[in-house]
A.B. asks: 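The structure is given below, and queries will be raised subsequently.
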Amino acid sequence: MASKFGGKADDLATLPKLDAQIILQELRQRYSQDKIYTYVGDILIAVNPFKTLDIYNKKVSNKYKEIVKSSEPPHIYAVADAAYQAVLGKGVAKPQHQCCVISGESGAGKTESTKFLISQIIELSQGNTQLEQQILQVNSLLEAFGNAQTVMNDNSSRFGKYIQIKFINGLVIGAKISEYLLEKSRVAMQNTGEENFHIFYYMFAGLSQQELQNYHLGSPNKYNFFTNGFKNKDVKKNKELYDTLMNAVDLVGFMEEEQTNMFQILSLVLNMGNIEIEEGEDDGAVTMDKQEELKITAQLLGTDPEKLSSVLTSTTTVTRGSLIRRRLHKHQALDVRDATAKALYGRLFSWIVNKINHLLAPPALAQGTRVMEIGILDIFGFEHFEHNSFEQSCINLANEQLQFFFNQHIFMWEQEEYKKEEIDWTTITFEDNKPVLDLFLNKPIGLLALLDEESHFPQSTDQTFVQKLIKNCGKSKHLVTSNKSRLEKFTILHYAGKVEYDSIGFLEKNRDTLPNSVTEVLQKSGNELICTIFTGSITRTGSITVGKHGLDNRKSRVSKPREGKPAAKKATVSSQFRTSLTILMGKLTAANPHFIRCIKPNHLKVSNDFDNKYVEDQLKYTGVLETTRIRREGYPVRPTFSEFVDSFKMIAYDPFLKPSESSCRKILKKSKLNDWHIGKTKVFLKYWQTEKLAKMLEDVNKSVIHMQKAVRGFLIRRRYKRLRKASKTDKLTAKTCLQLIHLPGHEIDKQIELLRKKKKLDLPKPKRDQTTKYASLRFDQMGTQTANFGKQTVDEGVGDGCIDEEEFVREPDPNQQRFGAITTKETAVQWYKETQAPRGAGMLADGVFHDWFHGVITRRRAERLLTNKPLGCFLIRVSESRFGYSLTFRVANRCKHYMIDQTRSGKYVIVGMPKVFKTLDEMVTYHQENEINPEGDLLTMPCGQEDEDEADYEDLLKVMGEKRHRNGDNAPPLPERRYRQSTVHR
């Protein structure tokens with residue numbers, strides 16, 4: 001049944017009639033027209049198209065910049081624009097932290113939505129530093145190590161992440177990532193039809209045969225940790241994704257040594273899964289003699305094979321000073337082996353996130369600097385598999401928490417803060433999921449509390465946990481127990497449907513412990529990175545802290561118990577996750593939320609298929625119908641009197657309007673809007689009324705600008721007349737004075753005084769110097785002018801009082817520390833000789849400079865060298881304003897200049913571009929065949945030296961031998977340009 005509205009309703013809240021079928025059919029109609037985005041008031045519904053749509057290009061991006069939302073079709077870019085403008089304080093409220101909450105089932109498109117949000121926010125910030133590119137590249141890195149194919153989603157996030165992008169005055173200054181509950185169990189086992197983490201498949205597609213051999217990797221089909229076998233599908237695509245990953249690793253700033261250690265750990269994980277363990281003659285586990293995998297694993301781990309075999313198959317305890325070794329059974333030894341592999345991968349992932357946070361952290365800021373942020377939450381979607389274990393219970397708990405947050409923001413706060421007589425609140429129902437949260441989180445009888453309690457008893461089993469759960473929570477209508485023959489099963493009635501959980505493995509996964517002997521071997525590993533990640537401390541949220549430099553923290557930071565006091569119990573996975581959720585909800589509550597509800601159109605993950613029943617179920621449990629009604633009938637925008645007057649006082653043409661109820665009424669009456677209400681301290685508005693007010697304010701601003709233009713024109717014309725008159729007077733005065741110049745000095749004074757009395761001579765009287773007083777200004781590291789930072793209040797961050805996370809500060813540039821903060825020609829030469837010349841930067845293999853390479857020359861000289869050269873003629877010069885290079889090339893009528901910087905690993909990148917190059921020569925070769933920018937410019941021929949006998953790179957390095965040059969056809973000469981001396985380098 002087609003919708004009678006034909007899919008033209010951009011906002012479901014504007015439909016004249018509302019019911020579930022009308023909303024469903026309208027979404028279906030829009031989906032068939034590739035309109036995947038639809039508004040419900042200020043909430044965005046996004047239906048996964050399962051195909052590529054041309055709606056994310058530069059042209060579309062530009063349309064959603066500083067717009068009134070209703071002026072353009074629904075789009076995720078509009079959400080990004082709304083969040084960014086709110087951070088700047090443009091709109092109803094003052095500048096406030098923002099958060100974008102993306103929710104939906106697994107496979108609904110949350111991860112892709114996150115990418116689009118971040119890319120548009122970066123675009124809106126108009127940053128031109130490499131930091132923005134680094135933030136964009138982080139997703140590739142996290143997806144490779146944290147995503148996997150499941151039966152519901154080919155690119156399913158197996159962890160949750162909250163990305164905080166930090167701003168000062170709208171410019172990006174850094175970012176931070178919080179990760180939640182990586183599904184480590186996937187490393188050792190995958191359900192039918194699923195795969196291991198993407199990185200393992202990228203490795204075998206992207207590493208060369210020599211690299212595979214160096215990392216002791218053989219045929220992928222032999223590794224047991226590919227539970228469902230290794231399918232050689234999409235090899236070409238995986239190779240491209242591997243290249244993208246390695247580019248991101250370089251661009252973000254991982255060193256070569258760190259990259260090597262990362263791949264060694266990945267190889268170690270796979271080889272460890274192939275260690276064969278059998279039952280010995282005395283019922284004790286033993287490793288097979290002379291097996292190659294054990295030797296390879298021990299070599300990668302940096303330990304002795306016998307030592308590794310011993311810690312995997314036995315456990316040691318100290319009793320009354322005696323060391324007692326106990327042999328493990330086969331199944332126990334296999335559990336230890338798999339647990340070690342999972343711990344290695346989990347710690348590696350946590351270290352990667354920690355490293356990213358160090359590399360993308362904001363610089364050290366002055367006391368009182370206010371930092372704003374936009375947070376994007378991309379967390380695992382609700383999951384219901386054939387077999388649901390501990391991971392699914394935590395994932396679904398997180399979704400319950402987000403649903404509760406959504407209900408609070410949309411429904412509960414609306415009813416508590418304003419009750420309009422015309423709204424029958426009894427007809428607007430929603431699924432209150434607080435009882436389910438209580439079932440999980442109540443202390444001391446909630447599911448997680450009981451699980452923790454059982455986890456601390458060595459004799460407890462998964463069945464005893466279920467029994468205790470039934471005893472304490474059996475009366476809850478949201479808990480359904482199985483029959484007596486299936487005591488390990490229990491069912492929870494979630495907001496999105498009932499899910500049956502199998503408790504087998506709950507206690508083991510919650511404890512997440514390794515034998516002390518295994519931990520000791522890992523802490524003493526010969527691999528620096530393994531040693532680092534296993535001697536780093538663990539926070540209350542389960543993340544790892546390894547110091548500022550990642551690889552130099554060789555000393556253990558694990559706290560030791562004081563004498564006479566027992567050691568504190570190790571935090572369980574569920575307690576860490578519960579703490580993480582508390583901190584996350586604190587951040588979300590302290591920010592202004594923007595909701596994006598992702599909908600999965602079908603189970604089959606195919607395009608152009610809209611399953612009515614499946615979509616209807618999602619709309620029902622997410623409360624879209626109720627949300628639509630309340631967004632139409634309710635008042636979601638509730639600014640305080642002060643915020644409202646500050647934002648819209650110019651509508652009343654009164655810049656001195658004081659914040660009060662009467663002032664708000666004056667503005668609203670002037671606006672001629674209806675159906676608004678005034679509370680005790682707030683104004684209650686419809687979501688669309690703010691757009692109307694913003695449009696009126698824009699019209700007022702245009703009128704003000706028009707008046708300013710007229711007044712400024714009048715003033716400048718009057719000033720022009722005054723200056724013209726003064727000029728004529730000055731000419732007459734000068735002419736008269738010149739006529740008196742032949743007279744003696746005392747006669748000149750007499751004649752001047754006489755003329756002055758007759759008013760025929762007007763000599764200006766000297767005036768006192770007046771010094772203009774300016775506000776205190778300074779330039780920060782981003783080159784942005786900032787005024788009076790000291791007068792702003794210190795931003796204490798969001799969610800204070802519950803945050804227990806490490807703060808990161810970006811380390812200063814090592815080149816500036818080494819060669820000085822101010823770059824001069826002398827320091828640039830020193831930088832090149834000490835750091836670049838040994839690597840052969842700009843030189844051929846025989847030590848001869850490339851004919852496109854130049855020394856420390858100015859921008860003006862570079863342009864002069866390219867005068868009368870063909871289009872695309874180029875040179876690379878050593879910068880005299882920063883420690884790096886500059887690329888200059890000829891285009892029509894002018895030259896273009898791009899900065900070239902180095903990554904931490906010594907590779908090269910054009911600032912603002914995503915691709916990383918090992919050498920400058922590689923960069924030049926690549927851009928001789930591939931466009932350097934969206935305008936389609938290519939590098940054609942190199943610009944040689946102007947005078948071969950006096951090359952401008954001689955001050956960099958004494959070079960013997962012939963210098964090569966090439967000539968090309970001349971293009972029309974560049975127009976003459978004038979230059980102005982300036983102390984500011986741009």
Side-chain angles (χ1 to χ4, degrees), residues 118 121-122 125 127-146 161-168 171-179 199 244-263 265 347-365 371 373 375-376 528-529 532-533 536 539 543-553 781-782 805-818 882-884 899 901-917:
I118 294 175
I121 290 171
I122 295 297
S125 71
N128 58 357
T129 70
Q130 204 58 37
L131 174 63
E132 287 82 8
Q133 279 297 328
Q134 290 175 312
I135 293 173
L136 292 174
Q137 294 294 317
V138 162
N139 270 320
S140 300
L141 186 53
L142 295 179
E143 278 188 32
F145 285 86
K161 64 176 178 287
Y162 186 64
I163 303 174
Q164 297 162 267
I165 304 176
K166 300 180 182 293
F167 303 85
I168 291 182
L171 285 180
V172 177
I173 62 164
K176 181 181 178 182
I177 299 169
S178 301
E179 46 106 357
I199 182 60
T244 301
L245 167 66
M246 297 312 297
N247 188 81
V249 168
D250 282 326
L251 188 61
V252 173
F254 286 77
M255 303 294 287
E256 293 282 359
E257 179 188 4
E258 294 169 336
Q259 297 177 32
T260 299
N261 285 331
M262 286 162 57
F263 282 111
I265 292 177
R347 294 264 183 140
L348 173 63
F349 183 79
S350 189
W351 174 82
I352 289 173
V353 173
N354 183 279
K355 190 74 179 179
I356 290 172
N357 285 336
H358 276 297
L359 296 171
L360 302 187
L365 300 170
V371 178
E373 70 177 42
I376 299 102
E528 280 188 298
L529 184 52
T532 296
I533 61 181
T539 67
S543 61
I544 187 174
T545 57
V546 293
K548 292 184 178 180
H549 304 287
L551 285 179
D552 62 353
N553 190 35
Q781 294 180 354
M782 304 292 291
E805 297 180 277
E806 185 176 357
E807 291 300 325
F808 301 91
V809 176
R810 194 183 312 156
E811 297 175 27
D813 184 355
N815 281 327
Q816 290 190 352
Q817 289 182 314
R818 183 175 176 183
R882 23 175 280 285
F883 297 113
M899 294 186 295
D901 276 349
Q902 284 186 282
T903 66
R904 292 180 70 251
S905 58
K907 297 178 182 177
Y908 302 91
V909 59
I910 299 176
V911 174
M913 307 290 181
K915 188 164 181 59
V916 177
F917 302 92

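Hydrogens, waters and symmetry mates are skipped; everything else that's a heavy atom, side chains included, is used.
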A.B. asks: Atom CG of N261 and atom CZ of F254: how far apart are they, to the nearest 0.5 Å?
C.D. replies: 12.0 Å
A.B. asks: Give the minimum heavy-atom separation between Q164 and S178, together with the two atoms involved.
C.D. replies: OE1-OG, 4.1 Å
A.B. asks: Looking only at heavy atoms, which two atoms of S125 and F167 are closest? And how far apart?
C.D. replies: CB-CE2, 4.3 Å
A.B. asks: What is the distance from atom CZ of R347 to atom CG of N354, rounded to the nearest 0.5 Å?
C.D. replies: 12.0 Å
A.B. asks: Not counting sequence neighbours, which residues clear side chain to side chain contact (heavy atoms under 4.5 Å, CB included) with K915? List them please.
C.D. replies: N247, F917, Y926
A.B. asks: Within the structure provided, determine whether M262 and W351 are in side-chain contact (heavy-atom separation under 4.5 Å).
C.D. replies: yes
A.B. asks: Any side-chain to backbone donor/acceptor pair from E258 onto M255? Under 3.5 Å, distance only.
C.D. replies: yes
A.B. asks: Looking only at heavy atoms, what is the nearest atom pair of G912 and Q133, with distance?
C.D. replies: O-NE2, 3.1 Å
A.B. asks: Is there a side-chain contact (heavy atoms from CB on, under 4.5 Å) between K907 and L251 once you walk through the steps?
C.D. replies: CA-CA 8 Å; K907 297 178 182 177; L251 188 61; over 6 Å; no
A.B. asks: Using only atom types and a distance under 3.5 Å, with no angle test, would you say the side chain of R810 pairs donor to acceptor with the backbone of I173?
C.D. replies: yes
A.B. asks: Does Q134 reach the main-chain N or O of L360 with its side chain, forming a donor-acceptor pair under 3.5 Å?
C.D. replies: no
A.B. asks: With rounding to the nearest 0.5 Å, note down the distance linking CZ in F263 to CG in L348.
C.D. replies: 10.0 Å
A.B. asks: For a 4.5 angstrom cut-off between non-hydrogen side-chain atoms, does F145 reach I352?
C.D. replies: yes
A.B. asks: Does I177 offer a backbone N or O that forms a donor-acceptor pair with the side chain of N357 under 3.5 Å?
C.D. replies: yes
A.B. asks: For a side chain to side chain contact (heavy atoms under 4.5 Å, CB included) with V138, tell me which candidate from L136, I135, L142 qualifies.
C.D. replies: L142
A.B. asks: Determine the minimum heavy-atom distance between V909 and Q130, stating which atoms define it.
C.D. replies: CG2-NE2, 3.5 Å
A.B. asks: For R882, enumerate each residue passing the salt bridge (charged side-chain N to carboxylate O under 4.0 Å, His left out) test, keeping only those at least two apart in sequence or located in another chain.
C.D. replies: D901
A.B. asks: If I take atom CD from residue E528 and atom CD from residue E257, how far apart are they, to the nearest 0.5 angstrom?
C.D. replies: 4.5 Å
A.B. asks: Side chains of E179 and S543: any donor to acceptor distance under 3.5 Å?
C.D. replies: no
A.B. asks: How far does CD1 of I533 sit from NZ of K355, to the nearest 0.5 angstrom?
C.D. replies: 13.0 Å
A.B. asks: When you check the gap from the basic side-chain N to the acidic O, do K161 and E143 get nearer than 4.0 Å?
C.D. replies: no
A.B. asks: Among V172, I163, I376, whose side chain to side chain contact (heavy atoms under 4.5 Å, CB included) with I121 holds?
C.D. replies: I376
A.B. asks: Can you tell if the side chain of R904 reaches within under 4.5 Å of the side chain of L359, non-hydrogen atoms only?
C.D. replies: yes
A.B. asks: I need the K166 NZ to L171 CG distance, nearest 0.5 Å.
C.D. replies: 15.5 Å
A.B. asks: Report the C-alpha distance between N815 and Q902 in whole Å, list the side-chain angles of each, state the deciding distance to 0.1 Å, and finish with yes or no for side chain to side chain donor-acceptor pair (under 3.5 Å).
C.D. replies: CA-CA 11 Å; N815 281 327; Q902 284 186 282; 5.5 Å; no
A.B. asks: Keeping the roles fixed (side chain from S140, backbone from A248), state whether a donor-acceptor pair exists under 3.5 Å.
C.D. replies: no
